[in-house]
Amino acid sequence: QVQLVESGGGLVQPGGSLRLSCAASGFTFSNSYMSWVRQAPGKGREWVSDIDHSGSTYYADSVKGRFTISRDNAKNTLYLQMNSLKPEDTALYSCARREGFGLRFLDWGQGIQVTVSP
């Protein structure tokens, strides 16, 4: 029923840009707290960014100033604009739905690969 489907990943050179999308269905997207999370090879899961129901945004220090999270409620879609990409940004990126108060994760997408390499 609940689905989160990521798209827009791929291979990019250092300094380049990518825009990830997450198509949501099966819940009321406009009232949902949404996140991007990533996992690099050989590393644990790392929280990247949040956007709440009102559009307030939050970022990990590692991506602040380079990434921008946004949402289009009319399209039930979450976005992550990634600029000035670095090799250390290489990871599987997943979108997720969180509860709005305790912030526990409720649903996950399948993830999409982003590779930053010369």
Side-chain angles (χ1 to χ4, degrees):
Q1 186 65 40
V2 173
Q3 279 197 302
L4 298 168
V5 181
E6 300 93 341
S7 62
L11 175 66
V12 66
Q13 294 181 356
S17 298
L18 283 174
R19 191 191 197 194
L20 304 183
S21 298
C22 172
S25 61
F27 63 96
T28 305
F29 178 79
S30 60
N31 293 127
S32 298
Y33 195 110
M34 302 296 298
S35 299
W36 287 98
V37 179
R38 68 186 183 185
Q39 186 165 20
K43 295 186 176 181
R45 196 168 292 171
E46 178 188 19
W47 170 81
V48 175
S49 184
D50 286 342
I51 184 166
D52 72 11
H53 68 280
S54 69
S56 297
T57 59
Y58 309 88
Y59 299 93
D61 288 342
S62 58
V63 307
K64 196 171 297 182
R66 299 187 298 119
F67 290 13
T68 303
I69 190 171
S70 62
R71 65 195 301 158
D72 187 337
N73 290 337
K75 296 181 178 179
N76 285 352
T77 302
L78 178 74
Y79 302 99
L80 185 67
Q81 178 67 48
M82 304 182 294
N83 299 325
S84 301
L85 283 161
K86 305 174 181 180
E88 53 262 43
D89 294 318
T90 295
L92 185 74
Y93 285 73
S94 300
C95 63
R97 181 170 72 104
R98 308 178 79 170
E99 66 176 12
F101 193 81
L103 296 181
R104 64 188 175 98
F105 289 97
L106 302 174
D107 303 288
W108 293 83
Q110 63 186 353
I112 191 161
Q113 182 66 38
V114 171
T115 301
V116 185
S117 180

Checklist entry - Mind checking whether Tyr59 and Val48 sit in one hydrophobic cluster, side chains of I, L, V, M, F, W, Y counted as touching below 4.5 Å? => result yes

Next on the checklist: Does any part of the side chain of Met34, heavy atoms only, come nearer than 4.5 Å to the side chain of Arg71, both counted from C-beta?
Outcome noted: yes

Item to check | Distance-only polar pair, side chains of Asp72 and Tyr79, donor-acceptor under 3.5 Å | outcome: no

Checklist entry - Hey, does Arg19 have a side-chain heavy atom less than 4.5 Å from the side chain of Met82? => result no

Next on the checklist: Once rounded to the nearest 0.5 Å, what's the spacing between atom CD1 of Ile51 and atom OG of Ser70?
Outcome noted: 6.0 Å

Next on the checklist: Under 4.5 Å between side-chain heavy atoms, counting indirect links through other Ile/Leu/Val/Met/Phe/Trp/Tyr residues: same cluster for Val2 and Leu78 or not?
Outcome noted: yes

Next on the checklist: Just verifying a value: how many Å separate Lys64 NZ and Tyr58 OH, rounded to the nearest 0.5 Å?
Outcome noted: 11.5 Å

Checklist entry - Any ion pair linking Asp89 and Arg38 (charged N to carboxylate O, less than 4.0 Å)? => result yes

Checklist entry - How many angstroms lie between atom OG of Ser21 and atom CD of Gln81, to the nearest 0.5 angstrom? => result 9.5 Å

Checklist entry - Do the ring planes of Phe67 and Tyr93 sit parallel (below 30°), tilted (30 to 60°) or perpendicular (above 60°)? => result tilted

Checklist entry - Is the backbone of Gly16 close enough, under 3.5 Å, to the side chain of Gln13 for a donor and an acceptor to pair up by distance? => result no

Checklist outcome for this item: Here the pair of heavy atoms bringing Thr77 nearest to Lys75 is OG1-O, 2.9 Å

Next on the checklist: side-chain contact (heavy atoms from CB on, under 4.5 Å) for Thr90 and Glu88? Distances and angles first, verdict last.
Outcome noted: CA-CA 5 Å; Thr90 295; Glu88 53 262 43; over 6 Å; no

Next on the checklist: Which heavy atom of Pro118 sits nearest to which heavy atom of Pro14, and what is that distance?
Outcome noted: N-CD, 3.6 Å

Checklist entry - Should Val37 and Leu80 be regarded as members of a common hydrophobic cluster, given that ILVMFWY residues are connected when their side-chain heavy atoms come within less than 4.5 Å of each other, either directly or indirectly? => result no

Next on the checklist: The test is side-chain contact (heavy atoms from CB on, under 4.5 Å); show your working for Trp36 and Glu6 and say whether it passes.
Outcome noted: CA-CA 10 Å; Trp36 287 98; Glu6 300 93 341; 3.9 Å; yes

Item to check | Least distance between heavy atoms, Ser17 atom then Ser84 atom | outcome: OG-N, 4.3 Å

Checklist entry - Same cluster or not: are Phe29 and Phe105 linked, directly or through other Ile, Leu, Val, Met, Phe, Trp or Tyr residues, by side-chain heavy atoms under 4.5 angstrom apart? => result no

Item to check | Side-chain heavy atoms of Ser35 within contact of Cys95, under 4.5 Å | outcome: no

Item to check | Flag, side chain of Ser32 to backbone of Thr28, donor-acceptor distance under 3.5 Å | outcome: yes

Next on the checklist: Between Gln1 (side chain only) and Gly26 (backbone N and O only), is there a donor and an acceptor less than 3.5 Å apart?
Outcome noted: no

Item to check | Sub-4.5 Å side-chain heavy-atom contact between Leu4 and Trp108 | outcome: no

Item to check | Nearest non-hydrogen partners of Ser49 and Ile69, listed with the distance | outcome: OG-CG2, 3.1 Å

Next on the checklist: Less than 3.5 Å apart, any donor N or O on the side chain of Gln39 or Ser94 sitting next to an acceptor on the other?
Outcome noted: no

Item to check | Side-chain touch Ile112/Leu20, heavy atoms, less than 4.5 angstrom | outcome: yes

Next on the checklist: Are the side chains of Thr115 and Val12 in contact, using a 4.5 Å heavy-atom criterion?
Outcome noted: no

Next on the checklist: Just so I know, are the side chains of Asp50 and Thr57 near enough to count as touching, which here means a heavy-atom distance under 4.5 Å?
Outcome noted: no

Checklist entry - Would you find more than 12 non-hydrogen atoms of other residues, nucleotides or ligands less than 6.0 Å from Gln113 atom CD? => result yes

Next on the checklist: Using side-chain heavy atoms (C-beta onward) and a distance below 4.5 Å, is Leu18 in contact with Val114?
Outcome noted: yes

Checklist entry - Do the side chain of Arg66 and the main chain of Ser62 share a donor and acceptor less than 3.5 angstrom apart? => result yes

Next on the checklist: On a heavy-atom basis, which atom in Phe27 and which in Gln3 lie closest, and how many Å separate them?
Outcome noted: CE2-O, 4.4 Å

